[in-house]
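What follows is a single structure, written as structure tokens, with notes after it.
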Amino acid sequence: MQERYEPAAVEAEAQQYWDHQHSFEAKEDDTREKYYCLCMFPYPSGRLHMGHVRNYTIGDALARFMRMNGRNVLQPMGWDAFGLPAENAAIANGVPPAKWTLDNIAHMKRQLKSLGYGLDWNRELTTCLPNYYRWNQWLFLRMLEKGIAYQKTGVVNWDPEDKTVLANEQVIDGRGWRTGALIEKREIPMYYLKITAYAEDLLESLQSMPDWPERVRAMQANWIGRSEGIRLGFPHAIGEGGVLYAFTTRADTIMGVTFCAVAAEHPLATHAARGNAKLQAFIEECKRGPALEAELATQEKKGMPTGLYVTHPISGDPVPVWVGNYVLMSYGDGAVMGVPAHDERDFEFAKKYGLPIQQVIDVEGRPYSMAAWQPWYSEHGRCVNSGRYDALKYEAAVNAVAADLRSKGMGERRTTWRLRDWGISRQRYWGCPIPIIHCKICGAVPVPDEQLPVVLPTHLVPDGSGNPLLKDPDFINVSCPKCGGEARRETDTMDTFVDSSWYFLRFACADNDQAMLDYRVQYWLPVDQYIGGIEHAILHLLYARFWTRFMHDMGAVPFKEPFARLFTQGMVLNEVFFRKPEFGRVQYFNPADVTISTDKTTQRRAAVLRADGKEVESGGVVTMSKSKNNGVDPQSLVDEFGADTARLFMMFAAPPEQTLEWSDEGVQGAYRFIKRLWKAVYEHVSRGPAGGLDRSTLTEHQRGIRRQAHQTLAKVTDDIGRRRTFNTAIAAVMELLNALAKFPHASVQDRAVVQEALEIAVVSLSPIIPHVTHALWRSLGHRTALIEEAWLKIDTEALQSSTVQMVVQVNGKLRGHISIAVDGDEAAIRDTALADPNVRKFIGGAPVRKLIIVRGKLVNIVV
RNA sequence: GCCCGAAUGGCGGAACUGGUAGACGCGCCGGACUCAAAAUCCGGUGGUGGUGACACCGUGUGGGUUCGAUUCCCUCUUCGGGCACCA
């Protein structure tokens with residue numbers, strides 16, 4: 001064994017061994033229990049970032065741990081390869097998105113390999129290749145057949161200068177990101193997937209998914225947003241038998257309705273705007289307004305009367321109809337009944353426009369004042385000023401109102417969802433073509449299965465002015481599959497969330513070019529452990545759950561939930577440094593180019609840019625990002641310290657579900673620890689082979705170190721296997737190593753105990769730092785490869801101890817420590833506790849009122 | 001605005017089911033080795049008071065439940081994630 005730890009050599013050797021042995025090629029084996037460990041696949045942006053390293057290190061550590069615990073592990077990798085950045089790169093550099101993407105994939109694949117991840121590369125898949133995306137198209141056609149995919153109009157951001165549709169992120173303050181032109185809203189025909197058909201099931205199943213984080217389930221439940229209430233009608237005289245419908249969960253407040261508000265897109269608004277130029281202008285303003293819910297919710301509430309009146313369904317009173325910019329056309333019927341007294345938004349609206357506010361709910365007799373909104377105004381209570389509903393509580397009132405409305409044919413109970421159907425059409429080049437052909441005679445005709453895939457041409461270079469597919473006659477001009485006449489191919493492509501909604505299924509059979517899925521799906525799926533960023537908690541995971549349900553219903557997979565267990569890891573943060581010039585934009589500096597010094601006495605930190613020796617400002621610790629220039633390239637870390645140090649630091653610096661702060665010193669610490677581990681093994685083996693362990697003749701000291709070694713093994717096994725807290729697992733091994741450093745190597749038994757403890761340390765860390773432990777396992781005298789070894793067994797006998805330490809409190813304050821025999825009874829514990837001199841001092845002469853004993857932990861004496 | 005999290009020494013974090021707050025690491029201080037430095041090794045390190053044994057204070061704010069609260073409940077503050085065309 002070499003004295004010096006040289007990561008480059010150690011890591012090359014281990015990686016070569018795994019490669020030659022095909023160690024991570026997964027094979028179906030019905031006799032073995034499988035473990036499908038999947039990390040969210042990356043977008044091939046160019047280089048790996050720290051978030052990737054964190055994600056894949058967590059996955060790899062788990063996969064290796066499960067493998068050593070006897071599971072048949074599958075850990076695949078692929079590329080989420082369609083998307084906007086490739087088009088942006090094309091615009092900037094004139095490179096076709098296909099070439100840019102594939103070059104990035106090649107580079108990132110090398111990086112993943114250099115980090116030593118145990119991935120089965122035979123199953124690699126790339127979503128921008130036809131052998132993958134043809135099945136998007138195939139399944140889309142199945143959805144069309146079942147009515148799950150359908151066409152309707154949708155609103156997009158239109159840049160009038162570039163004549164192109166922009167993504168929300170390309171719209172900055174209402175203007176196009178490249179042109180600066182004011183963005184218009186346009187309604188165009190698009191394809192939608194009817195995820196709302198599964199709303200109920202998607203929501204209900206969350207309750208039987210205990211291995212998903214509570215917060216993710218809560219976020220999804222809120223997103224789906226089930227509301228039970230009443231859809232009620234306000235008759236009006238516009239058109240024949242006209243009724244304005246609105247949904248409410250607070251039918252008990254119906255007698256407090258003083259107005260109705262409709263969305264700008266509502267038919268009543270359109271009707272009223274005819275011949276009303278002011279209203280027309282207001283409606284246009286609303287339609288131009290923000291598209292993002294966050295902006296909609298914070299914008300100032302504005303409205304305008306339509307001049308129309310509807311009839312209150314109970315009282316028969318006329319109710320004015322307003323257009324309100326806070327009413328969403330996409331929720332319910334695009335109209336709300338305005339109850340200013342008991343809804344905060346309605347209250348604000350009524351105050352602003354002088355609409356009457358009528359209290360109809362009494363909450364515990366509290367006095368109601370119209371001067372300012374109080375949070376309790378929207379609480380449940382008893383009806384007042386409500387005619388025959390007076391004194392009824394919430395449920396009784398709702399029931400009575402529902403019955404009355406039903407008898408008048410003006411209302412019914414209704415469940416409404418916040419969830420909307422998934423619009424998948426993108427007016428963009430770099431995506432999966434939607435397999436539709438538009439014929440002047442036959443209309444929208446699905447591409448027949450035998451003509452799939454509709455291949456996306458790869459040589460086009462977008463220039464920012466519209467979808468280049470529109471300018472490609474070879475792609476556009478086709479004949480109609482139905483009538484054979486001249487027709488035009490659909491140029492919209494699919495949302496990239498489609499690609500990621502089923503890739504986890506395809507890993508089971510990525511080599512099948514005849515079918516989307518095959519029998520191997522039944523062996524590997526569902527995914528046992530899915531790992532990815534919390535930022536995907538709603539959209540991606542909900543779409544994947546929906547997609548899997550559709551495939552279940554068509555008989556393609558035997559399960560509804562694709563991910564049995566979910567783990568969401570936190571983001572990677574770093575400090576951000578900048579200078580704000582008097583004029584112009586803020587300048588960001590990479591932390592690698594900044595030196596930080598700390599004044600010992602004042603604790604003041606000063607950050608200086610090395611290039612010019614002048615100070616820069618710190619903007620705190622934020623998510624690593626290109627725009628803030630605070631990213632650290634994982635490659636530089638691997639080159640300088642090796643993959644094991646990178647992996648160890650990532651896993652040690654924070655619990656995996658929390659944010660992780662970058663720290664150069666922390667990396668140094670991880671490197672130092674690996675060197676210490678190496679040295680400990682070196683010093684042990686350079687004394688020659690250790691003899692066998694004789695458990696019956698151990699000294700107390702030897703038994704102590706054995707107990708700690710096996711306690712460490714037990715803790716690591718639990719921390720990785722159950723808690724997923726790699727940071728505390730590593731800390732436990734560090735403690736063991738600290739103890740070993742003080743332990744003698746004198747006798748044969750000393751050395752046997754050390755050998756056992758070192759093996760425990762090496763095996764415990766092997767999921768996290770697989771290269772160095774691969775080498776150390778051999779150094780400790782084993783001929784086998786560590787990756788083929790089983791996880792070590794905990795010797796429960798070694799854990800035994802004859803005494804146990806307990807603490808003694810007086811009135812809840814710590815006053816002493818006692819040592820008690822493991823089998824000591826309560827009387828013995830009590831007597832020992834009361835005999836402690838410091839304890840007696842604090843009891844004084846006072847009588848003991850109560851004595852609480854928590855076995856093995858503490859005694860609390862209450863006086 | 002709505003939904004979901006988080007807050008503990010100089011710093012990252014630990015304390016798993018209400019039971020010893022600060023494990024482990026970083027940084028810092030002192031020492032050993034060295035001509036010197038780096039590396040390495042040993043010791044110390046929440047605050048205040050005390051020579052000391054020790055005592056008091058201390059987990060974002062204010063309150064509550066309990067023999068006992070970092071942990072449970074309520075309030076507020078700050079920070080982070082998501083909000084449907086970024087992935």
Side-chain angles (χ1 to χ4, degrees), chain A residues 40 42-43 45 80 82-85 154 156-157 165-171 213-216 218-219 221-223 225 291-299 326 330 344-345 418-428 495-497 500 533-540 542 568 570-571 573 598 600 603 605 620-623 649 652-655 657-670 672-673 675-676 679 718-719 722-723 725 727-728 730-735 738 741 805-809 811-814 817 838 849-852 854 857-863:
Chain A
M40 290 181 186
Y43 177 79
S45 55
D80 188 13
F82 274 134
L84 208 50
V156 294
N157 305 305
V165 174
L166 297 184
N168 283 341
E169 82 159 3
Q170 296 173 314
V171 179
E214 177 62 42
R215 64 168 160 157
V216 174
M219 281 159 88
N222 287 325
W223 186 260
L292 299 178
E293 192 190 314
E295 289 174 33
L296 271 169
T298 47
Q299 72 180 348
Y326 69 102
S330 55
E344 189 170 4
R345 288 168 306 178
R418 213 183 72 95
L419 183 69
R420 306 202 292 263
D421 280 342
W422 174 16
I424 59 155
S425 291
R426 298 289 180 271
Q427 295 68 43
R428 229 159 270 139
D495 181 2
T496 55
F497 274 125
S500 54
I534 182 70
E535 65 275 19
H536 295 290
I538 295 174
L539 292 181
H540 161 59
L542 198 61
T568 50
M571 315 268 258
L573 316 179
T598 313
K600 301 288 183 300
Q603 295 289 345
R605 293 166 82 249
V621 179
V622 301
T623 325
F649 168 70
F652 179 62
E657 68 280 346
Q658 283 176 33
T659 56
L660 179 147
E661 272 184 45
W662 183 258
S663 153
D664 286 325
E665 291 79 16
V667 173
Q668 290 284 349
R672 196 174 301 150
F673 173 70
K675 284 194 289 186
R676 268 163 57 89
K679 199 172 139 195
D718 187 52
D719 281 355
R722 178 181 65 91
R723 297 177 66 209
T725 50
N727 55 327
T728 52
I730 294 164
V733 180
M734 287 175 165
E735 284 184 76
N738 289 344
Q805 301 297 315
M806 290 178 72
V807 297
V808 186
Q809 297 179 336
N811 289 337
K813 285 196 178 237
L814 176 64
H817 299 259
N838 199 48
R849 278 203 329 190
K850 201 168 171 185
L851 195 132
I852 295 143
V854 183
K857 286 241 166 91
L858 62 68
V859 182
N860 189 15
I861 300 160
V862 186
V863 296

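Proteins come first, then strands; the chains are lettered A, B, ... in the order of their sequence lines, and each starts at number 1.
- Judged by Watson-Crick or G-U wobble contacts below 3.5 Å, the nucleotide G18(B) has no partner.
- Side-chain atoms of Gln170(A) come within 3.5 Å of backbone N or O of Ala167(A) as a donor-acceptor pair.
- Comparing Arg676(A) and Ile852(A) by the nucleotide of RNA chain B whose heavy atom lies nearest to each, the residue mapping closer to the 5' end is Arg676(A).
- As judged by a 4.0 angstrom heavy-atom cut-off over every strand, Glu214(A) is placed among residues making no nucleic acid contact.
- Between the side chain of Asn157(A) and the backbone N or O of Leu166(A), at least one donor-acceptor pair lies under 3.5 Å.
- Heavy atoms of Ala294(A) sit under 4.0 angstrom from at least one base atom.
- As judged by a 4.0 angstrom heavy-atom cut-off over every strand, Ser330(A) is placed among residues making no nucleic acid contact.
- Contact annotation: Thr728(A) does not reach the phosphate of G13(B) (side-chain N/O to OP1 or OP2, under 4.0 Å).
- Among the heavy atoms of the strands lying under 4.0 Å from Phe497(A) is at least one base atom, whether or not backbone atoms are also near.
- Distances shown here put every side-chain N or O of Lys679(A) at or beyond 4.0 Å from the OP1 or OP2 atom of U40(B).
- Dense packing is recorded around CZ of Arg418(A), with more than 12 heavy atoms of other residues, nucleotides or ligands lying under 6.0 Å away.
- Heavy atoms of Val171(A) sit nowhere under 4.0 angstrom from any nucleic acid atom.
- Within 4.0 Å (heavy atoms only), Pro655(A) reaches sugar-phosphate atoms of the nucleic acid but no base atom.
- Here C16(B) is the nucleotide among A87(B), C16(B), U40(B) with the atom lying nearest to any side-chain atom of Asp718(A).
- Pair assignment for A37(B): none, as no Watson-Crick or G-U wobble contacts are both less than 3.5 Å.
- In this structure, Asp421(A) and Glu295(A) both approach RNA chain B, and ranking their closest nucleotides by distance from the 5' end singles out Glu295(A).
- Partner assigned to C11(B) is G25(B), using Watson-Crick or G-U wobble distances below 3.5 angstrom.
- The residue Arg849(A) sits apart from the nucleic acid: no heavy atom pair falls under 4.0 Å.
- Contacts of Val862(A) with the nucleic acid, taken as non-hydrogen atoms under 4.0 Å apart, involve only primed sugar atoms and P, OP1 or OP2.
- Lys857(A) has its NZ atom 7 Å from the C1' atom of G19(B), to the nearest Å.
- Contacts of Arg426(A) with the nucleic acid, taken as non-hydrogen atoms under 4.0 Å apart, include base atoms.
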